[in-house]
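In what follows, a structure is listed as structure tokens, so that the remarks can point back to it.
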Amino acid sequence: MEASPSQQAPRRRIRCKMCRQELAGREQILKHGSMLENAPPDVQGDEQDQTGVPAEQEQETSESGESGLTKAVDLSKEPTLTDPACSGYFVEPLKWMDHFLKDGSLSGKIICPNPRCKAKLGNYDWAGAHCGCKEWVTPGFCINRSKVDEITLL
């Protein structure tokens with residue numbers, strides 16, 4: 001049974017600042033360095049206690065001691081990049097990147113997929129790239145944080 005669109009949890013996305021074209025979601029952003037240490041449990045692997053309830057959930061109890069509803073911590077409002085030293089969002093190669101990846105180049109510019117925009121969003125290098133936090137990320141598809149907005153979709 002799937003939840004209807006109005007009942008789904010909010011999702012964090014990044015989009016082009018120039019034209020507002022959606023580019024990637026939290027799921028496509030590669031975690032690295034200190035981001036792995038601060039990552040929500042769904043990224044690190046679900047840690048569960050002996051009851052099988054994920055560690056990020058709290059159990060509410062009523063005054064009579066009865067167990068109530070389980071309330072999950074809302075991680076959707078937290079920023080995707082938690083380290084201010086990170087220079088950008090490292091993403092996996094995405095379908096919309098095909099128009100500049102199809103020439104077979106090992107490195108180049110990441111261009112907005114909107115044909116009317118074509119803003120330079122960042123750089124890619126299949127061999128990897130350095131982040132501002134001193135981590136080496138492979139493959140290095142880095143979208144500069146100054147070129148995109150991070151939004152929450154409800």
Side-chain angles (χ1 to χ4, degrees), residues 2-3 5-50 52-58 70-154:
E2 291 185 28
S6 63
Q7 295 175 343
Q8 291 178 353
R11 302 180 327 258
R12 298 293 287 186
R13 310 277 299 164
I14 58 173
R15 64 182 184 184
C16 176
K17 266 190 180 175
M18 298 293 287
C19 67
R20 307 293 186 231
Q21 171 78 38
E22 286 187 21
L23 303 170
R26 186 180 289 232
E27 313 80 45
Q28 289 91 25
I29 296 173
L30 303 175
K31 305 293 182 199
H32 63 278
S34 63
M35 291 172 67
L36 288 175
E37 297 164 9
N38 300 329
D42 68 321
V43 175
Q44 293 177 344
D46 286 338
E47 297 175 12
Q48 296 183 350
D49 63 9
Q50 295 161 341
V53 176
E56 75 270 10
Q57 291 186 346
E58 299 175 358
T70 300
K71 180 174 68 174
V73 176
D74 186 12
L75 299 172
S76 63
K77 291 193 170 59
E78 292 186 17
T80 304
L81 285 181
T82 55
D83 189 348
C86 287
S87 54
Y89 299 90
F90 282 88
V91 296
E92 58 192 38
L94 299 167
K95 182 74 176 157
W96 61 263
M97 296 178 179
D98 285 347
H99 71 278
F100 57 83
L101 292 177
K102 66 183 173 191
D103 66 1
S105 180
L106 295 178
S107 62
K109 297 177 184 178
I110 298 177
I111 306 297
C112 180
N114 185 341
R116 286 177 269 156
C117 178
K118 298 291 186 189
K120 179 186 176 218
L121 301 174
N123 297 300
Y124 72 92
D125 192 333
W126 284 101
H130 268 114
C131 181
C133 67
K134 310 288 188 235
E135 286 288 324
W136 184 262
V137 184
T138 306
F141 284 78
C142 182
I143 297 176
N144 296 335
R145 69 189 322 169
S146 64
K147 302 291 184 177
V148 295
D149 290 323
E150 194 170 319
I151 59 167
T152 302
L153 295 178
L154 298 177

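Just the heavy atoms: all of them, side chains too, but no hydrogens, waters or symmetry mates, feed the values below. The structure presented is a predicted model; accordingly, all values stated were derived computationally and were not measured.
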**Prompt:** Rounded to the nearest 0.5 Å, what separation is found between the OG atom of S105 and the CG atom of D125?
**Reply:** 8.5 Å

**Request:** Please report the C-alpha distance between L121 and C16 in whole Å, then the side-chain angles of each, then the deciding distance to 0.1 Å, and finally whether the side chain to side chain contact (heavy atoms under 4.5 Å, CB included) criterion is met.
**Result:** CA-CA 8 Å; L121 301 174; C16 176; 4.0 Å; yes

**Request:** Could you give me the CA-CA distance, side-chain angles and deciding distance for R20 and I151, then say whether side chain to side chain contact (heavy atoms under 4.5 Å, CB included) is met?
**Result:** CA-CA 10 Å; R20 307 293 186 231; I151 59 167; over 6 Å; no

**Fill in**
Residues at least two apart in sequence or cross-chain that pass side-chain hydrogen bond (donor to acceptor under 3.5 Å, both in side chains) with D98, listed by chain then number, are K95

**Message:** A quick test of your reading: do over 12 heavy atoms of other residues, nucleotides or ligands sit less than 6.0 Å from NZ of K109?
**Reply:** no

**Asked** Could you state the interatomic distance from CG (N114) to CD1 (I111), rounded to the nearest 0.5 Å?
**Response** 12.5 Å

**Asked** Should K31 and R26 be marked as a side chain to side chain contact (heavy atoms under 4.5 Å, CB included) after you check the CA-CA gap, both sets of side-chain angles, and the distance that decides it?
**Response** CA-CA 10 Å; K31 305 293 182 199; R26 186 180 289 232; 4.2 Å; yes

**Item:** Interatomic distance, H99 atom NE2 to C112 atom SG [nearest 0.5 angstrom]
**Value:** 8.0 Å

**Request:** Rounded to the nearest 0.5 Å, what's the gap from CE on M97 to CD1 on I143? Could you check?
**Result:** 4.5 Å

**Complete:** NZ of K147 to NZ of K17, rounded to nearest 0.5 Å, is 9.0 Å

**Message:** So H32 and C133, do their side chains get closer than 4.5 Å, heavy atoms only?
**Reply:** yes

**Item:** Non-neighbouring partners of W126 that pass side-chain hydrogen bond (donor to acceptor under 3.5 Å, both in side chains), sequence neighbours left out
**Value:** none

**Request:** List the atom of F90, the atom of A129, and the distance in Å for their closest heavy-atom pair.
**Result:** CE2-CB, 4.0 Å

**Item:** R12 and E150: CA distance, side-chain angles, deciding distance, side chain to side chain contact (heavy atoms under 4.5 Å, CB included) verdict
**Value:** CA-CA 7 Å; R12 298 293 287 186; E150 194 170 319; 2.8 Å; yes

**Fill in**
In short, G128 meets T138 closest at the heavy-atom pair CA-OG1, 3.8 Å

**Side-chain touch R145/Y89, heavy atoms, less than 4.5 angstrom** = yes

**Prompt:** Would you call E92 and Q28 a side-chain contact if the rule is heavy atoms closer than 4.5 Å?
**Reply:** yes

**Request:** Anything under 30° is parallel, anything over 60° is perpendicular, the rest tilted; go ahead and classify W136 against H130.
**Result:** perpendicular

**Asked** Any side-chain heavy atom of R116 sitting closer than 4.5 Å to one from C19?
**Response** no

**Asked** When rounded to the nearest 0.5 angstrom, what is the spacing between CD1 in I29 and SG in C86?
**Response** 11.0 Å

**Message:** Show the nearest heavy-atom pair for residues I110 and C142, with the distance to one decimal.
**Reply:** CD1-O, 3.7 Å

**Prompt:** Y124 versus L101: any side-chain heavy-atom pair under 4.5 Å?
**Reply:** yes

**Request:** Can you establish whether the number of heavy atoms outside M18 located under 6.0 Å from its atom CE is more than 12?
**Result:** no

**Asked** Minimum heavy-atom separation for P93 to P139, with atom names?
**Response** CD-CG, 4.3 Å

